[in-house]
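Working notes for the structure below.
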Protein chains: 2
Amino acid sequence: MAGNDLPRLRRVVLERLMRYYRWLAESTPKKPLKNVTSGQIAEALDIDPTQVRKDFGAIGLQGMGRVGFEVWEVCRSIRHMLGFDHTYYGVLIGAGHLGRALMAYNGFARYGLQIVAAFDNDQHKVGGKAAGVPIKPMRTLKPFIRKHDIRLAILTTPAEVSQKVTDRLVSAGIRAIWNFSPTRLTVPPDVLVRNEHISLGLSQIAYHLKQ
Amino acid sequence: MAGNDLPRLRRVVLERLMRYYRWLAESTPKKPLKNVTSGQIAEALDIDPTQVRKDFGAIGLQGMGRVGFEVWEVCRSIRHMLGFDHTYYGVLIGAGHLGRALMAYNGFARYGLQIVAAFDNDQHKVGGKAAGVPIKPMRTLKPFIRKHDIRLAILTTPAEVSQKVTDRLVSAGIRAIWNFSPTRLTVPPDVLVRNEHISLGLSQIAYHLKQ
DNA sequence: TAGATTGTTAATCGATTAACAATC
DNA sequence: TAGATTGTTAATCGATTAACAATC
């Protein structure tokens, strides 16, 4: 496959690509543009136009002078680079309020993610469903991951148990962990951890309100 | 008040302060340290020790050679700088799954935040409670904010209505918006918006899993 | 004292922005 | 062609890390 010698994309770039994609592919119509310029995107998303062109260049996109970029081509390219055109399966650990909110959100499928099971230790939850996803007992976690080739685990467990659960996930062969519990996790270098530490936001909010 | 001439703290610094605070004040005992060195903190949180000293310096903390910093003093200072020792009141807009998860979390009070009401347009929800918090109709939003001197709004509305709701919040005099909806909000410069765009994380995860 | 740790200045690194020739 | 837009190199900015004298 040609063009696959592009350098590895950094986190900030990936996030901007996601923002471009959402704006181009998902924002409300009234402007079904065929072409778009870096300036238009920059204006809408409050990003420097040079940055937009650099990011597009980083995924091999070429624009045309005076015309800009083809919307369809940009979307296709981002979708491909970010892997939205694959389907990958995930499990969720900890079917509490946040876990249920994430399962109910139901907006991840369009980016390729399917949550196929949730795991919890609470006997009252086990056997039930949340947003159509079955809740299973923790002891069945490892065989389930192995059997169904699960790549991603979404972690919404209490902080105290997160590392222990993580160790089990890693030994079962998980490839990425989306961590919503407020703890730093230790994993082997080939496992990706994406931290979503919501309460860090409170530092900024409280500080601002204090002023 | 002396010492208030410290430069404004940046977002990354605030987040690190939050992490120091959680580790020092909230991590499980077994090591009730009286003093702590920048090296110990650095090791635990995977941060450069120089960075820790710089951050402490930025909030006016002084350590002692050979001894480090007094834990109690560090905690008190962070709590004060970040404003955790004030109580401030917040409302939540959009009592969906995520909104309910945030209200149920109940861990914000220790940082000074009290969620006193939720607002929603759904007649089935209005009048009820979620995690002990009353759910009120949207039309009562503005007077409520004014009457109770609400500073913060937590926004978990669908993306399409977020800007409209934001405009109402701003005109009611809100000071900060904690935005969980995947949209960029436009606000006057004195209103803080903290974005918590969870699905940006998917870009990193999908990209990693594709490799 | 000897040695570990702080506080601070300098060096490095990476990301963002500016400038501008090449292009359509 | 004239003019807007790209693609790329250089400049700037800010944050992180290294180095090291001062301190307890």
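Below, chain A is the first sequence line, B the second, and so on; all start at residue 1. Side-chain atoms are counted along with the backbone in the values below, which use heavy atoms only and exclude waters and symmetry mates.
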Tell me: [atom1] of [X] to [atom2] of [N], nearest whole Å?
X     : N      : atom1 : atom2 : answer
A:R53 : C:dA18 : CZ    : P     : 12 Å
B:Q40 : C:dA4  : CD    : P     : 14 Å
B:R66 : C:dG7  : CZ    : C1'   : 17 Å
A:F69 : D:dT5  : CZ    : P     : 12 Å
A:R8  : C:dA15 : CZ    : C1'   : 18 Å
B:E70 : C:dT5  : CD    : C1'   : 16 Å
B:Q62 : C:dT5  : CD    : P     : 18 Å
B:D48 : C:dG7  : CG    : C1'   : 14 Å

Checklist entry - OP1 or OP2 of C:dA18 less than 4.0 angstrom from a side-chain nitrogen or oxygen of A:T50, does that happen here? => result no
Next on the checklist: Please determine whether side-chain hydrogen bond (donor to acceptor under 3.5 Å, both in side chains) holds for the pair A:T157 and A:S162, giving the CA-CA distance in whole Å, both sets of side-chain angles, and the decisive distance to 0.1 Å.
Outcome noted: CA-CA 6 Å; A:T157 45; A:S162 294; 3.0 Å; yes
Next on the checklist: Ring-plane angle category for A:W178 and A:F180, please: parallel below 30°, perpendicular beyond 60°, tilted otherwise.
Outcome noted: tilted
Checklist entry - Do the ring planes of A:F84 and A:Y111 sit parallel (below 30°), tilted (30 to 60°) or perpendicular (above 60°)? => result tilted
Next on the checklist: Reading 5' to 3' and counting Watson-Crick or G-U wobble pairs with both distances under 3.5 Å, write the dot-bracket notation for DNA chain C, | for bases paired outside the strand.
Outcome noted: ..||||||||||||||||||||||
Checklist entry - Quick one: on DNA chain C, does B:M64 or A:G65 contact a more 5' nucleotide (nearest heavy atom)? => result B:M64
[X] versus [Y]: any side-chain heavy-atom pair under 4.5 Å?
X      : Y      : answer
B:L202 : A:M18  : yes
A:R19  : B:R184 : yes
B:T186 : B:T166 : no
B:R11  : B:R194 : yes
A:L155 : A:L169 : yes
B:L113 : B:Y88  : yes

Checklist outcome for this item: Contact check, residues 9-17 of chain B vs DNA chain D, heavy-atom distance under 4.0 Å, returns B:R10, B:R16
Next on the checklist: Check this for me: does the side-chain of A:K54 come within 3.5 Å of the base of D:dT6 through a donor and an acceptor?
Outcome noted: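 Flag unset: no donor-acceptor pair detected.
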